[in-house]
Every structure is written in structure tokens, then in C-alpha cells.
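Please read all numbers here as calculations on a predicted model, not as lab measurements. Sequence positions, counted from 1, serve as the residue numbers for this chain.
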Amino acid sequence: MAGVTEKKGKKDTRKGGDRLAEYRGKRDPHRTPEPVPEEKSLPHGDDDTFVVQEHHASSLHWDLRFERDGVLVSWAVPKGLPWSPETNHLAVHTEDHPLEYATFEGDIPQDEYGGGKVLIWDRGTYETEKWSEREVKVVVHGSRVSGRYVLFRTRGKNWMIHRMDPPADPDAEPLPESLRPMRPARRARLPRDQDAWGFEFAWGGRRLLAYVEGGRTRFTDGRGRAVDGPGGLGSRLGGRLGARPAVLDGELAVLDGRETYMIFDVPHLDGRPLLDVPYRERRDRLDGLELSGPSWQTAPWYPGDGDAVRETAAAQGLPGVVAKRLDSPYEPGEESGAWRLIESPPRKR
């Protein structure tokens, strides 16, 4: 590992050896778009650059890299950098990378080492407070993350990363452990003042809430109990949202013979509970996430057009529509008249 000295600011001046031999040995420059510099004298910068890259490999993770003695010293952080000192995250020390990697974004072929999309999540400068074989203390200055962090070795290549400063966002709140979903009251007719309501299809599936954080997902059912989600859904949702923590509310429904997670609400997003936020604004935020994939979709909604939605639901054989007041909060665990389930009329023979 780069820089064994513990004195602040002092560089490792050892000569000889190819610091990038392991990196170079894992990559074919003719098959990967990653920078693979030839074996030659390594360039030296100011040892003050850091970058965090979001890496959609076989398992989503974030690569944290610090410029040090002509290379980027690197850790793979499965859950991303912790935003609060209350939580430490695993950081796996990996091979040194060339300085050119600090600007790399692109798609690594799936059959190559580390295959998948690489995006720059953040970058900036850093200051070294301590650098040894077992502990690294730095102050980072990025656009998305800043503050004092320490990495400390636990066993082998496994390290932990700890935020030493107070939370980056003191008002941010962690995801709830469990949330019982809001439930609609049954009604025979559509509301009269339709302009004050939004309308969704009733999918006839089973309720499922997804808690997505650090690229990982867990699920609870309609009673708030922990359950397993469909195979592959959790990792794909986690990969889509990346570092954005969220609670998603939806139903697992069978559409065109395939089980699909239809997402229709977002009670928590980016460290903020949205329970008191009006339905219209929550839906706008959900739409802004652009969640659409092979086994999940953002459910459509239609402000003020209940009759047309109900007719379409009946024509498609759906059980009905759900009317939701545009100004309604999210009431966990409650059956509320602010949400109304109106069944489709009997189909004419």
C-alpha cells in the first residue's frame, strides 16, 4: 500500500518496483476502455486528488481513490461513504490504479475484470492527516461529500471507513426499519370533485414496500413484516437508485404474464420523510426518479380524470381504480378516505 510513513505530509520515497503491476495484469488494453498505461516511470502530481466512482459491476459498489505517490490508492466501498459518524462501512482495499483513472467513466465489457458501467459520483481534493499501513486519516473536499474520514484496517484487505465529523446533513433521517402502508377505503362511486383527485389503476397484486439504501434493498409486506422480494429485484432497484436512499410503496402484480413491481408512492427519499408532503408532490418526486426496468415500473397516474381511468381499467380487466386526494399526506398503517378504492363495474357479456 502507498505511503507507509505516519508523519503528516511526508511521502513514501521508495524506488523501484511496478506499483501498477497488479492493475495491469488484470486488464487487456485491447478489450477494456479503462486506461492501461505502459510500464514506465509513474507520473507524480500533488497528492491531493480524490475521486469516488459508482461501479455497476456484478455487485454495485463505490470505488474510493486517493492520489498518492503517483498512483490512485483504492478501496471498494459496498455501501458508499457513511454520511454519519454513527455508522461505519466496509471498505475493501484493492489494487492501485493509474492517475488517469481519476477521470474515467465508461462501460467495461462484462467478460472483463470489473465488467459494468463506471460513473464519477464525486471528485475533488483532499488533505492528509495521517497515512500508515493500518490507518488513513483525510479531509475531503468534494461537491457531494466533504469532511474528515478515517479508514482503518481490520483484517487482510478489509478496512472500515468512519466519518469523524458530524453528519454531513444534520437534518437527514435514516430509513425507517418498517413502515405499514397507507390503505384506501372502499367506495362505490368516484368522488364528485375529480379535479381535487389523482387516479391510479388498482393492480390487484400484493403490497410490497422496498427500502433501498447503498445499492441494497430489503422489503416488507402490507403488515410491515420483513419478506423476501422477487429474485433479482432488490439488486436491480439498488443499482438504479445508487446512493439515493428511498422507501418505495407499490404492488407486485402480474402483467402480461410476468410479475412486475408497480411503484406508486415514495414515503421517504434522500434522508427526508415525505409523510406530510402532499400526494401530488410525492408523485412528482417519484416520477423524477424515472424508475423503469424489466421487472419494475412507475405506475401511471392521472389528475382529475377518474371516469376515463375507470373505463380503461374495466376494459383491461383490472379490478378498479384508486382515487387519491392531491393534497393528501401519507398515513402509515391507516385506512383513509383520502384514498378510495372504486371497483370496476361488471363487464358486459
Side-chain angles (χ1 to χ4, degrees), residues 60 79-89 121 144-147 163 165-185 196-198 200 206-227 229 233-234 237-252 261-291 296-299 301 303 322-340:
L60 174 65
K79 293 186 177 181
L81 275 64
W83 60 271
S84 167
E86 297 179 1
T87 304
N88 295 340
H89 287 178
W121 186 81
R144 301 179 74 170
V145 61
S146 61
R163 181 175 174 86
D165 281 346
D169 182 353
D171 296 326
E173 297 184 19
L175 297 185
E177 186 64 28
S178 177
L179 192 69
R180 296 183 65 186
M182 182 173 175
R183 294 175 287 114
W197 298 75
E200 303 174 3
R206 63 184 178 93
R207 203 68 175 269
L208 190 70
L209 272 71
Y211 306 74
V212 188
E213 186 172 25
R216 275 65 180 167
T217 308
R218 56 185 175 85
F219 299 94
T220 59
D221 64 10
R223 296 184 179 180
R225 302 172 300 186
V227 293
L233 175 61
L237 272 179
R240 180 65 185 85
L241 282 168
R244 302 188 68 178
V247 177
L248 306 173
D249 187 4
E251 287 184 25
L252 274 178
Y261 186 40
M262 302 301 295
I263 306 164
F264 48 68
D265 215 319
V266 55
H268 200 291
L269 181 66
D270 294 333
R272 298 290 188 274
L274 303 182
L275 304 180
D276 295 328
V277 173
Y279 164 77
R280 178 193 288 274
E281 185 176 338
R282 295 199 310 275
R283 281 303 318 228
D284 288 342
R285 295 195 192 188
L286 176 60
D287 290 345
L289 296 177
E290 298 181 348
L291 297 175
W296 70 92
Q297 296 287 333
T298 300
W301 67 295
V322 180
K324 300 181 178 181
R325 283 197 62 89
L326 297 176
D327 60 358
S328 62
Y330 190 98
E331 303 173 67
E334 297 293 332
E335 180 180 296
S336 171
W339 286 14
R340 301 179 182 180

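From Glu331, atom CD reaches atom CE of Met182 across 4.0 Å, with rounding to the nearest 0.5 Å. Note: Arg218 CZ to Glu213 CD = 8.0 Å, rounded to the nearest 0.5 Å. Atom CZ of Arg225 is separated from atom CG of Leu209 by 13.0 Å, given to the nearest 0.5 angstrom. Expressed to the nearest 0.5 Å, how far CG of Leu274 lies from CD of Glu281 amounts to 7.5 Å. Leu237 CG to Ile263 CD1: the interatomic distance, rounded to the nearest 0.5 Å, is 5.5 Å. Residue Leu248 holds its CG atom at 7.0 Å from CG of Leu286, rounded to the nearest 0.5 Å.
At distances below 3.5 Å, not a single donor-acceptor pair connects side-chain atoms of Thr217 with backbone N or O atoms of Ala210. In this structure a side-chain-to-backbone donor-acceptor pair under 3.5 Å is present from Tyr261 to Leu208. Not a single donor-acceptor pair under 3.5 Å links the side chain of Arg282 to the backbone N or O of Pro267. Not one N or O on the side chain of Arg285 forms a donor-acceptor pair closer than 3.5 Å with the backbone of Gly288. Side-chain atoms of Tyr211 come within 3.5 Å of backbone N or O of Leu179 as a donor-acceptor pair. One N or O on the side chain of Arg240 and one on the backbone of Leu289 form a donor-acceptor pair closer than 3.5 Å. The backbone N or O of Leu269 sits nowhere less than 3.5 Å from a side-chain atom of Arg272 that would complete a donor-acceptor pair. Using modelled atom types, no side-chain atom of Arg163 and backbone atom of Thr87 make a donor-acceptor pair closer than 3.5 Å.
Residues Pro85 and Pro167 have side chains in contact (heavy-atom distance under 4.5 Å, counting atoms from C-beta outward). With contacts defined as side-chain heavy-atom distances shorter than 4.5 Å, the pair Val322/Phe264 does not qualify. Residues Pro245 and Asp270 meet the side-chain proximity criterion, which asks for heavy atoms closer than 4.5 Å. At least one side-chain heavy atom of His268 sits under 4.5 Å from a side-chain heavy atom of Pro273.
Listed by chain and residue number, Asp249 satisfy the side-chain hydrogen bond (donor to acceptor under 3.5 Å, both in side chains) test with Tyr330 (two or more places apart in sequence, or in another chain).
Within a 6.0 Å radius of CG in Asp171, other residues, nucleotides and ligands contribute more than 12 heavy atoms. Within 6.0 Å of CZ on Arg207 lie more than 12 heavy atoms contributed by other residues, nucleotides or ligands. In the displayed structure, Arg223 atom CZ is contacted under 6.0 Å by at most 12 heavy atoms of other residues, nucleotides or ligands.
Closest non-hydrogen pair, Ser178 versus Thr220, comes out as OG-CG2, 4.1 Å. Counting all heavy atoms, side chain and backbone alike, Asp221 lies closest to Pro181 at O-CD, 4.0 Å. Heavy-atom minimum distance, Trp339 versus Ser328: NE1-OG, 3.6 Å. Of all heavy-atom pairs spanning Pro278 and Leu326, the tightest one is CB-O, 3.6 Å. The two residues Thr298 and Leu291 come nearest to each other via the heavy atoms OG1-O, 2.9 Å.
Salt bridge status for Asp287 with Arg283: present, with a side-chain N to carboxylate O gap under 4.0 Å. The pair Arg325-Asp327 counts as a salt bridge, with a side-chain nitrogen and a carboxylate oxygen less than 4.0 angstrom apart.
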field: Verdict with supporting geometry, His89 and Trp83, side-chain contact (heavy atoms from CB on, under 4.5 Å)
entry: CA-CA 10 Å; His89 287 178; Trp83 60 271; over 6 Å; no

- prompt: Can you list the steps and then say if Arg340 with Trp197 is a side-chain contact (heavy atoms from CB on, under 4.5 Å)?
  reply: CA-CA 10 Å; Arg340 301 179 182 180; Trp197 298 75; 3.3 Å; yes

task: Evaluate the criterion side-chain contact (heavy atoms from CB on, under 4.5 Å) for residue pair Leu252 and Phe219; output intermediate values, then yes/no.
output: CA-CA 12 Å; Leu252 274 178; Phe219 299 94; over 6 Å; no

